[in-house]
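Comments concern the structure below.
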Amino acid sequence: MRAAVPVLFLLIVLVGGAIVMAEREVGTLPDGIGWLAVGHLLVISCGWLFIGWSLGVLLPRSVAAPLAAVGCWAWLTMPHAMSAPWIRHLGGFIDGESTVTDVLTPAVYLVPWGVVTGLALAFWVLAQMRPRGAAVITALVVLTVAVVAGRAAVIGWGYSNPMEPCDVSLSCVGRAPMVCVPPEYEPYAAQLRRDAVQPLKRLEAAGIAAGASP
């Protein structure tokens, strides 16, 4: 595992740097489900790092390294070009994001974690178990269980990721109009309210009361 330490260190530096840059951009750290997204970067990457290490035990490193890289790329990207929607939810490449009002459900992250764990375990069995015939059979069983369980969890999702309402304490400024925003947008709340005042006054002058339906 010593050969994998520099890659693991680089991964931690990159994820940590991304968190710092995001905090400086929006003024807040991840909260709640946001930390699952951070963990997703680490879990999926560490899973494929472990798969690459196992391939390095089975094959020459000059072959194992590019094979792991191509395998990871293919597993993350190619399912999105397939007609069966459930496959795209297993790899860990999430084509969508949370919004101001809705967030991705934890299962969007947890299902790929389980699948990549099964993949890593299957390759570890191939690398460590003897005799080789028993190792191949065991690895196939582990891989099948991981994929079947993952499919069962996502079969009803269709092509999009499941969402749930964003449950946070809003930060509000002003009165008539009162503007409320999620915590990460609090620095911009006052400006958003100022931007809304004049349009609302024009609507009121035109005889349309604030909050009225057309």
Considering only distance and modelled atom types, tabulate donor-acceptor pairs under 3.5 Å from the side chains of residues 36-44, sequence neighbours left out.
residue, atom, partner, partner atom, Å
H40, ND1, W113, NE1, 3.0
H40, NE2, G92, O, 2.7

Residue list, side chain to side chain contact (heavy atoms under 4.5 Å, CB included) with E23, at least two apart or on another chain: L29
Who are the side chain to side chain contact (heavy atoms under 4.5 Å, CB included) partners of R61, not counting sequence neighbours? A3
If only atom types and distance count, is the side chain of R193 paired as donor or acceptor with the main-chain N or O of P177 below 3.5 Å? yes
For P85 and G158, the nearest pair of non-hydrogen atoms, with its separation, is CB-O, 3.3 Å
Report yes if the side chains of E164 and V103 come closer than 4.5 Å at any heavy-atom pair, otherwise no. yes
Inter-residue atom distance L67.CG - L59.CG, 0.5 Å rounding: 6.5 Å
Would you say L143 and I137 are hydrophobically clustered, going by side-chain heavy atoms of ILVMFWY under 4.5 Å? no
Tell me, do L104 and P162 make a side-chain contact under 4.5 Å, heavy atoms counted? no
Nearest heavy atoms of G150 and V115, plus distance in Å: CA-CG2, 4.3 Å
CG on L121 to CG on L126, rounded to 0.5 Å: 10.0 Å
Can you tell me how far apart CD1 (I51) and SG (C72) are? Round to the nearest 0.5 Å. 8.0 Å
Taking every heavy atom of P199 against every heavy atom of A196, the minimum-distance pair comes out as CD-O, 3.4 Å
Rounded to the nearest 0.5 angstrom, the SG-CD distance for C180 and E186 is 11.0 Å
Listed once per pair and sorted, the ring pair (Phe, Tyr, Trp, His ring centres under 6.0 Å) pairs that draw on residues 139-174, sequence neighbours left out: H89-W157
Pairs involving residues 75-90, ordered by first then second residue, that meet salt bridge (Lys or Arg N to Asp or Glu O under 4.0 Å) (sequence neighbours left out): R88-D95
Return the CH2 to CH2 distance between W48 and W73, rounded to the nearest 0.5 Å. 12.5 Å
Tell me the closest heavy-atom pair linking V142 and G118, and the distance in Å. CG1-O, 3.5 Å
Please give the remaining members of the hydrophobic cluster of V70, linking ILVMFWY side chains under 4.5 Å, ordered by chain and number. none
Quick check: are there more than 12 heavy atoms from other residues, nucleotides or ligands sitting under 6.0 Å from CH2 of W35? yes
Residue pairs passing the ring pair (Phe, Tyr, Trp, His ring centres under 6.0 Å) test where at least one lies in residues 6-25, sequence neighbours excluded: none
Considering all heavy atoms, the nearest L11-C46 contact: CD2-SG, 3.9 Å
So if you build clusters from Ile, Leu, Val, Met, Phe, Trp, Tyr with side-chain heavy-atom gaps below 4.5 Å, do I155 and V147 land together? yes
Between Y109 and I94, is any pair of side-chain heavy atoms under 4.5 Å apart? yes
Taking side chain to side chain contact (heavy atoms under 4.5 Å, CB included) as the test, write out the residues that go with A146, two or more places apart. none
Which residue pairs satisfy the salt bridge (Lys or Arg N to Asp or Glu O under 4.0 Å) criterion with at least one member in residues 110-128, sequence neighbours excluded? none
W75 side chain reached by F93 side chain, heavy atoms, under 4.5 Å: no
Are any non-hydrogen side-chain atoms of L90 and P112 less than 4.5 angstrom apart? no
Tracing side-chain contacts under 4.5 Å among Ile, Leu, Val, Met, Phe, Trp and Tyr outward from M21 reaches none
First locate atom CG of N161, then atom OG1 of T105, and finally report the distance between them rounded to the nearest 0.5 Å. 7.5 Å
Do V125 and V148 sit in one hydrophobic cluster, given that two such residues count as connected whenever their side-chain heavy atoms are within less than 4.5 Å of each other, even indirectly? no
side-chain hydrogen bond (donor to acceptor under 3.5 Å, both in side chains) pairs, two or more places apart, involving residues 117-142: none
Looking at every heavy atom in both A68 and G52, which two are closest together, and how far apart are they? CB-CA, 3.8 Å
Give the cluster check for M178 versus L170: same hydrophobic cluster or not, with ILVMFWY residues linked at side-chain heavy-atom distances below 4.5 Å. no
Fellow cluster residues of V197, listed by chain then number, with links counted only when side-chain atoms sit under 4.5 Å apart: none
Hydrophobic cluster membership, M82 vs L119, 4.5 Å side-chain cutoff: yes
